[in-house]
Amino acid sequence: MVVSSLSRIEKKNSTGTEYPRPQFKRDQWYDLNGEWEFAFDAEEVGEIDGWAHSAQPFSQQIQVPYAYQSKKSGIHSNEPYEVVWYKRTFHWEKDHQNELLLHFEAVDYYTKVWVNGQFVGEHTGGHTPFSFSIGTAIQSGENTITVRVEDRNSVEQVLGKQSWKSTNFLCWYTRTTGIWQPVWMEEVSPVHIQDVNMTPDLTQSSLQLGVKLPHHRKIAYLEANVYFKGEWVNTAGAWVKPNQQNISMTVNVESDEADFRVFYWSPSNPQLYDITFTLKSDEYVLDVADSYFGMRSIETKNDAILLNDEAFYQKLILDQGYYKDSLMTASFEEMEADLKKVKEMGFNGVRRHQTIGDRRYMYLCDQLGLVVWAEMPSFFKFTDRSMEAMMNETREMVMKHRNHPSVIVYTVMNESWGVNEIYHRKDQQSFVNALYYQTKALDSSRLVVGNDGWEHTLTDILTIHDYNSNAEDLAVAYRDKEDYVNGSPSKTSRKQNFASGYEYSGQPIVMSEFGGIAYGSGSEDDWGYGTRPQNEEEALDRFEQLMKSIMESTSIQGFCYTQLTDVEQEVNGLLDHNHEEKFDPKRIYQIVAGMKADGFIFE
């Protein structure tokens, strides 16, 4: 039996590596990662036989938050089990005045949770965070959390890059089942801040705040204090009526200390403000949470993308977020090392492809200065069930990302996966448009790509995928904008840029996937795009020529190179399976940063 006495983890500063939600930090939180009891439920009898209520220990141990398929889980099995169970017992001294929140950052796919045998909640979706209030189920002394996870790996689920076949194939990889991002608890007052939405407004030098509270019976006062590098900037406050659950406030953040009214966030200068939220009632402090935000804008004008009202050429790299021994799970240090290498190689952003990183990943991009294209993982069969799953989890994805200044684009579908007949089918076109509009309704401050790569319907950017490995051919294909925007310029996909009934309407153009130079062990099992270069110099030369063919185009406003790391059978990475450099990063930097520099640099 796994038993632990949870002690308070003291409040960390903004560089703390353990806290799972760095953008909304409280003092009293408790880490539940580590060893849990674990069991496969091959016959799916656990719920019928009362495993959630039994004191009988499970047969195995697993290291949370690693999926059982991974080496770091301690189990490392590729046998397909569709139902698994977890159990964790801990000691707790109950405070009857406080509430306890149980947080799961991501569990794949359908989760049911019991505390001391009492059912506390369920969640569907494998990539987004969820929480349960467990105060009424907790008792003083020993307590047990039991988790049942069901993962059918169905093509109607949101799978991303998980193979739904018996083995890996092409660019689909090992399955992920169960808990794969951190689990933790948080002690709060019954009346506390449930959610905050922060939207910068550069035109007014202000921050728009939307705050959500639970049901409450007394008058309360909500205060937001803004700081920049420790210096107080401004305070906003609002009285909250009994039963008022949604509060809107605006705080002016202009400062004479800034060069131009506010301290802007950008990849070249990722300046961040700190903000502390305090909720009071009858002079008692009910809740305090520390956060941060960035003042930046993103929009399109004519065929350009503007960051902070300035033309912004994007140099992105595709990051699939996979690790050799842990699949989609990474430590803070691993994520930080990867993203620092991205900067060192001259890129100014990442396209997080078919996975949703944990919140520390976005925090690191905020801190380091990397723009992020946040992308929904795909399903692969168009049905009522898959549409419902996609709508729900896309909403949760947006709510997870919308306070991070680094996130500038949402991609809701990729390469017509799951909507394979979108070119002609109006129902599939309407569904992608529904995702586009839902995303805009939840967050109108960012750009949205409806179906990345080809067969676009509604989209803020015309994105194109072209893995042509001949740089001269690639340059010719994208030389004349009028010739290719409404056609099928990609020789590798041969797909039309727009679905039937849609056409180019002046959007900025981004080559959102290209390159994919396969340079690995030389094994026949290695997978990648184009002919294999024979040596490192040939690979680097092809990389340089492909980069030039895109950056010399006058109509393309940015690119995303495939990809950051090798992933299982796929060897397209600039880094290998161990996330170490295959090539001299200084040479990569000279190629990537040597062209299309943005803005004037003040010495």
Side-chain angles (χ1 to χ4, degrees), residues 1-12 16-38 52 61-66 85-107 111-123 128-149 178-196 212-214 277 279 285-291 329 331-332 358-360 363 396 400:
M1 179 179 292
V2 178
V3 183
S4 65
S5 179
L6 296 180
S7 59
R8 178 179 300 179
I9 297 175
E10 294 300 326
K11 182 178 180 181
K12 300 289 195 300
T17 64
E18 302 94 346
Y19 197 82
R21 191 186 57 201
Q23 206 182 24
F24 200 73
K25 300 174 69 172
R26 293 189 174 101
D27 284 351
Q28 299 184 50
W29 71 280
Y30 308 87
D31 189 1
L32 290 175
N33 293 329
E35 189 171 275
W36 288 53
E37 295 175 24
F38 182 79
Q61 281 75 45
I62 190 169
Q63 290 296 318
V64 168
Y66 299 103
W85 288 75
Y86 299 79
K87 186 185 290 185
R88 167 79 181 250
T89 302
F90 62 94
H91 187 85
W92 188 265
E93 294 302 324
K94 183 172 181 178
D95 183 335
H96 293 279
Q97 294 182 341
N98 282 346
E99 182 57 274
L100 198 61
L101 303 178
L102 175 60
H103 296 280
F104 295 86
E105 290 298 302
V107 184
T111 309
K112 298 180 77 172
V113 180
W114 294 261
V115 174
N116 297 327
Q118 179 178 322
F119 180 67
V120 295
E122 59 187 340
H123 178 263
T128 50
F130 56 95
S131 303
F132 303 120
S133 174
I134 63 172
T136 58
I138 287 289
Q139 59 193 17
S140 290
E142 189 174 283
N143 293 268
T144 302
I145 301 170
T146 309
V147 179
R148 178 187 185 273
V149 183
I179 299 170
W180 65 277
Q181 286 188 21
V183 186
W184 54 296
M185 294 193 304
E186 189 174 34
E187 193 173 5
V188 295
S189 164
V191 181
H192 58 276
I193 301 167
Q194 286 186 329
D195 188 34
V196 173
K212 183 178 180 181
L213 304 180
F277 296 95
L279 184 65
V285 175
L286 302 176
D287 194 11
V288 178
D290 294 325
S291 187
T329 305
S331 69
F332 182 93
D358 82 24
R359 290 187 268 208
R360 295 171 299 170
Y363 161 80
E396 293 177 355
K400 177 178 180 176

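Positions are given from 1 along the sequence.
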Can you confirm if the NZ or CZ of Lys87 lies within 45° of the ring axis of Phe38 and under 6.0 Å from the centre of its six-membered ring?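 Ring-cation test returns no.
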Ignoring hydrogens and angles, write down the donor-acceptor pairs under 3.5 Å from the side chains of residues 132-141, residues two or more places apart or on other chains.
from: Ser133; atom 1: OG; to: Glu99; atom 2: OE1; distance (Å): 3.1
from: Ser133; atom 1: OG; to: Glu99; atom 2: OE2; distance (Å): 2.7
from: Gln139; atom 1: NE2; to: Glu142; atom 2: O; distance (Å): 2.9
from: Ser140; atom 1: OG; to: Lys94; atom 2: N; distance (Å): 3.1

Looking at [atom1] of [X] and [atom2] of [Y], how far apart are the two atoms once the value is rounded to the nearest 0.5 Å?
X      : Y      : atom1 : atom2 : answer
Asn33  : Tyr30  : CG    : OH    : 16.0 Å
Met185 : Glu187 : CE    : CD    : 9.0 Å
Leu102 : Leu32  : CG    : CG    : 6.5 Å
Arg360 : Phe332 : CZ    : CZ    : 7.5 Å
Gln194 : Leu213 : CD    : CG    : 7.0 Å
Leu100 : Gln28  : CG    : CD    : 10.0 Å

Do [X] and [Y] come within less than 4.5 Å of each other through their side chains, counting heavy atoms only?
X      : Y      : value
Phe130 : Glu122 : no
Tyr86  : Val149 : yes
Ile145 : Val120 : no
Asn98  : Val188 : no
His123 : Glu396 : yes
Phe24  : Phe277 : yes
Trp180 : Val64  : no
Gln61  : Trp36  : no

- Message: Any carboxylate oxygen within less than 4.0 angstrom of a Lys/Arg side-chain nitrogen, looking at Asp287 and Arg26?
- Response: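 A salt bridge links Asp287 with Arg26.
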- Message: Between Arg21 and Glu105 (salt bridge meaning N to carboxylate O under 4.0 Å), is one present in this structure?
- Response: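 No.
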query: Any chance the rings of Trp184 and Tyr19 have centres within less than 6.0 Å?
result: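 Yes, the ring of Trp184 comes within the 6.0 Å limit of the ring of Tyr19, centre to centre.
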State yes or no: are the ring centers of Trp114 and Trp85 separated by less than 6.0 Å? yes
Taking all heavy atoms of [X] and all of [Y], pick out the closest pair and write down the distance.
X      : Y      : answer
Ile179 : Phe104 : CD1-CE2, 4.4 Å
Pro190 : Pro214 : O-CG, 3.6 Å
Ser189 : Leu286 : CB-O, 3.1 Å

request  = Would you kindly say whether His103 and Ser131 are connected by a side-chain donor-acceptor distance under 3.5 Å?
outcome  =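 Yes.
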- Query: Regarding Asp358 and Gln181, is there a side-chain donor-to-acceptor distance under 3.5 Å anywhere?
  - Reply: no
- prompt: Between Phe90 and Thr144, is a side-chain contact (heavy atoms from CB on, under 4.5 Å) present by the stated rule, with each step listed?
  reply: CA-CA 6 Å; Phe90 62 94; Thr144 302; over 6 Å; no
field: Test log, rule side-chain contact (heavy atoms from CB on, under 4.5 Å), inputs Val288 and Asp27
entry: CA-CA 8 Å; Val288 178; Asp27 284 351; over 6 Å; no
Sequence neighbours excluded, which residues qualify as side-chain contact (heavy atoms from CB on, under 4.5 Å) partners of Gln63?
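side-chain contact (heavy atoms from CB on, under 4.5 Å) check on Gln63 returns Glu35, Tyr66.
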Stepwise, does the side-chain contact (heavy atoms from CB on, under 4.5 Å) test hold for Leu279 with Val191?
CA-CA 9 Å; Leu279 184 65; Val191 181; 3.9 Å; yes
Between Val147 and Thr111, does the side-chain contact (heavy atoms from CB on, under 4.5 Å) criterion hold? Intermediate values first, please.
CA-CA 7 Å; Val147 179; Thr111 309; 3.7 Å; yes
